[in-house]
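Labels below follow one simple rule: chain letters A, B, ... track the order of the sequence lines, proteins then strands, and each chain is numbered from 1. No experiment lies behind these values; they were computed from the predicted model shown.
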There are 2 protein chains.
Amino acid sequence: MVTVYDVAKAAGLSIASVSRALNNQPGVSQATSQRVAHIAKEMGYEPNDVARSLVGKSTRTIALLVPDIANPFFPELVKSVQAKADENEHVLLLADGAGDRHRVAASMTVLRRKQVDGVIVVATALTVDADELFVDIPTVFLDREGPRLGASVVVNNEAAAFAATTHLIDLGHRRIAHIAGPIDLEVSRQRLAGWRRACSTAGLPSSDDLVVPGNFLEDGGYNVGTHITNPSSACTAVFAANDLSAIGFLAYCADNHLSVPDDISVVGFDGIHLSRYTTPKLTTMAQPIVELGRRAADVLFDLIRGEKSVPRIVLSATLLPGASVASPKAVLQ
Amino acid sequence: MVTVYDVAKAAGLSIASVSRALNNQPGVSQATSQRVAHIAKEMGYEPNDVARSLVGKSTRTIALLVPDIANPFFPELVKSVQAKADENEHVLLLADGAGDRHRVAASMTVLRRKQVDGVIVVATALTVDADELFVDIPTVFLDREGPRLGASVVVNNEAAAFAATTHLIDLGHRRIAHIAGPIDLEVSRQRLAGWRRACSTAGLPSSDDLVVPGNFLEDGGYNVGTHITNPSSACTAVFAANDLSAIGFLAYCADNHLSVPDDISVVGFDGIHLSRYTTPKLTTMAQPIVELGRRAADVLFDLIRGEKSVPRIVLSATLLPGASVASPKAVLQ
DNA sequence: TAAACAGAAGTAAGCGTTTACGTGATCTCT
DNA sequence: AGAGATCACGTAAACGCTTACTTCTGTTTA
């Protein structure tokens, strides 16, 4: 490995001058600066970021903790965060599996040791007393309220779920099931709450038998199909807590010769790219995924630069129309 | 930040002893070792990995370069690589956007500076003379042949594409279109070649008008729908170079009231998890995604540990049956 | 009992940078 | 023309750790 020493020797200078030249800092003449740059390139010198991080304050690294990278929602988010990281000349460390509390703790220990400049924590399962995990390291909570301390960028899940459900109600549906997410996630509870409020506001049932537990995955949505489409349940529509669940349910319907939306309407949540390519195309409450990532990253870099305030940014979701909803065949009087 | 010095002072020891104690190395008594451990914990000491990396050889970090993390194939791969990284007490750096040559070069520079221990490079676009990008840093090419140097873990794309196409031929299809991937990717070319060989082996046409260019994304598959289903093309089946393209095509068919597989059969490639939940369920040539990631990581860590040989591992894909293929309605004599 | 040795601890160098400070040489201004 | 300012560069410390080497104490061995 060629170091500043080597370059310095070759240039007949001290390492200090070389360092200054390479970082075009004042204190070196234009001429030497160019000469050094040339020599460095010639020798194939690359600065060692580890050493640089040790002396400087920054590692130029941020981390993103996601519960499940296999859920298409997150890759889309990753892309947008990474773009911002690039922009700020930082590198992205990905930590998957944040759905599990222990893994979150383990990850944070590793990240702290690695001296990452900051962390974006997404929709993870946290114990109530998780505050200390994030102490001393700039953190933005995304799509989940952080512990007491901490900035956050969230979508108003409750309101969005309310709107999604109301959309179905306006179309004439009177019994609407809900495929919930993992109930230990705040977002799941909020979406459930929104569905419930919409139902009760309209004087419709929102009893527990209309809530079927999902897992935010396709199989979750698939497996509850039987329960929802059971004639005795008499549902004409279903609001899924996320798109993957909705897609699973769609598959169930297809396998069982139920037509969506003729037999049953489906509304998803997330607005993942794939929701534009399901059969039928999914009507979904779309989160501003790219915007979420961007804003979170912006806030994080503000924090990293020393910003003291810890903002709480709330973005809103918008209904993305598809072909998976319709008025119920027989609107009950 | 609490350092070894602080711990040493608190324990009345030298930093050397503290270091030894903390890493349970010989040279400290059992008693002191425990005492130090206790004090360190008490003080909330966390070793600084940056410093550790600077003195030691390793940063305990590996990187994964993927062309497009939004393609569900990659998150599944990421998961498996990350599991292996965990196992080896390494952290995963994700670099997206490796579909672009310039970004690959840029990423490698950053990674080299960051002193990552190794890199897994997936299916990226590389210039022919890209060798030098990876010199001096353990590299495994996944799903793509590396430059001259370099270990690789690949799927026999040509053979797999051949088998997928043959499956359609065996069912009686006589005109089979191919939705290709970006043609500057080796994998795309190989899959195209497999399709072509299958067709010509069976004495079927494989002319260029049967090859429609895709982009490995849903919209690519969707947009070529018109061309493929045009009556004058007379295709009864299509083999897509990846699942996302197939899913896009499925969506096109649904939008245009074409039944899959009654009107046209579709075979995908990749075997992403979502292919189990399309309507109809996609028949696809499934890559052993998890295995690919695992093997690549294994090879990489071997390399990191000093292994000299650079293996070339070839895995094979298997046909995952779905409901998107059938015999053509009218088998031509 | 002296010599050899093992164990526990300390000293200090070094990893590759950045940067505060010091030192001449050249320049500016009155 | 001499004092101060400016410039280009060098010296050395610091970042937080690991580790080769040294030192000291106490134990074993002949």
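For the salt bridge (charged side-chain N to carboxylate O under 4.0 Å, His left out) test, residues two or more places apart in sequence or in another chain that qualify with A:R113 are B:E46.
At whole-Å resolution of the value, CG in B:L22 and P in D:dC17 are 9 Å apart. Going from atom CG of A:L13 over to atom C1' of D:dC9 covers 8 Å, rounded to whole Å. At whole-Å resolution of the value, NZ in B:K9 and P in C:dA9 are 20 Å apart. Rounded to whole angstrom, the span from the CG atom of A:D6 across to the P atom of C:dG16 amounts to 9 Å. Straight-line distance from the CG atom of A:N24 to the P atom of C:dT18: 12 Å, rounded to whole Å. Look at NZ on B:K114: it is 14 Å from C1' on C:dT17, rounded to the nearest Å. The CG atom of A:N23 sits 13 Å away from the P atom of C:dA20 (whole-angstrom rounding). If you measure from atom CD1 of B:I15 to atom P of C:dG10, you get 11 Å, rounded to the nearest angstrom.
B:Q25 has no side-chain polar atom (N or O) that falls below the 4.0 Å cut-off from OP1 or OP2 of D:dT18. Neither OP1 nor OP2 of D:dC17 sits under 4.0 Å from any side-chain N or O of B:S19.
Using a 4.5 Å heavy-atom threshold, the side chains of A:V155 and A:P288 count as touching. A:L65 has its side chain out of reach of A:I120: every pair of non-hydrogen atoms, C-beta onward, lies at least 4.5 Å apart. Looking at heavy atoms from C-beta onward, A:Y45 lies out of side-chain contact with A:V18 at the 4.5 angstrom threshold.
For B:R20, the listed nucleotide lying nearest its side chain is C:dG10; candidates were D:dC17, C:dG10, D:dC9. The side chain of B:Y5 lies closest to D:dC17 when the candidates are C:dT17, D:dC17, C:dA9. Picking from C:dG10, D:dT18, D:dG10 the nucleotide with the shortest atom distance to the side chain of B:S14 gives C:dG10. Ranking D:dC9, D:dT18, D:dG10 by closeness to the A:A16 side chain, first place goes to D:dG10. Residue B:S29 has its side chain nearest to C:dA9 when only C:dA9, D:dA8, C:dG16 are considered.
With respect to the salt-bridge test (charged N to carboxylate O, under 4.0 angstrom), the residues A:R305 and A:D117 do not qualify.
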Legend entry - Residues B:H90, B:F301; criterion side chain to side chain contact (heavy atoms under 4.5 Å, CB included); working and verdict: CA-CA 10 Å; B:H90 275 242; B:F301 283 111; 3.6 Å; yes
Inset, instruction - Take B:L142 and B:V121 through the test side chain to side chain contact (heavy atoms under 4.5 Å, CB included) and record every step on the way to the result. - result: CA-CA 6 Å; B:L142 198 157; B:V121 180; over 6 Å; no
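Between B:F141 and B:F134, the ring centre distance stays below 6.0 Å.
Within residues 30-58 of chain A, the residues having any heavy atom closer than 4.0 Å to DNA chain D are, in order of number, A:T32, A:L54, A:V55.
A side-chain contact (heavy atoms from CB on, under 4.5 Å) with B:Q287 is found for one member of B:L315, B:I272, B:D270 and no other, namely B:D270.
Taking the screw axis at each terminus of the helix from C:dT1-D:dA30 to C:dT30-D:dA1 from five consecutive base pairs, the angle between the two is 40° to within rounding of 10 degrees.
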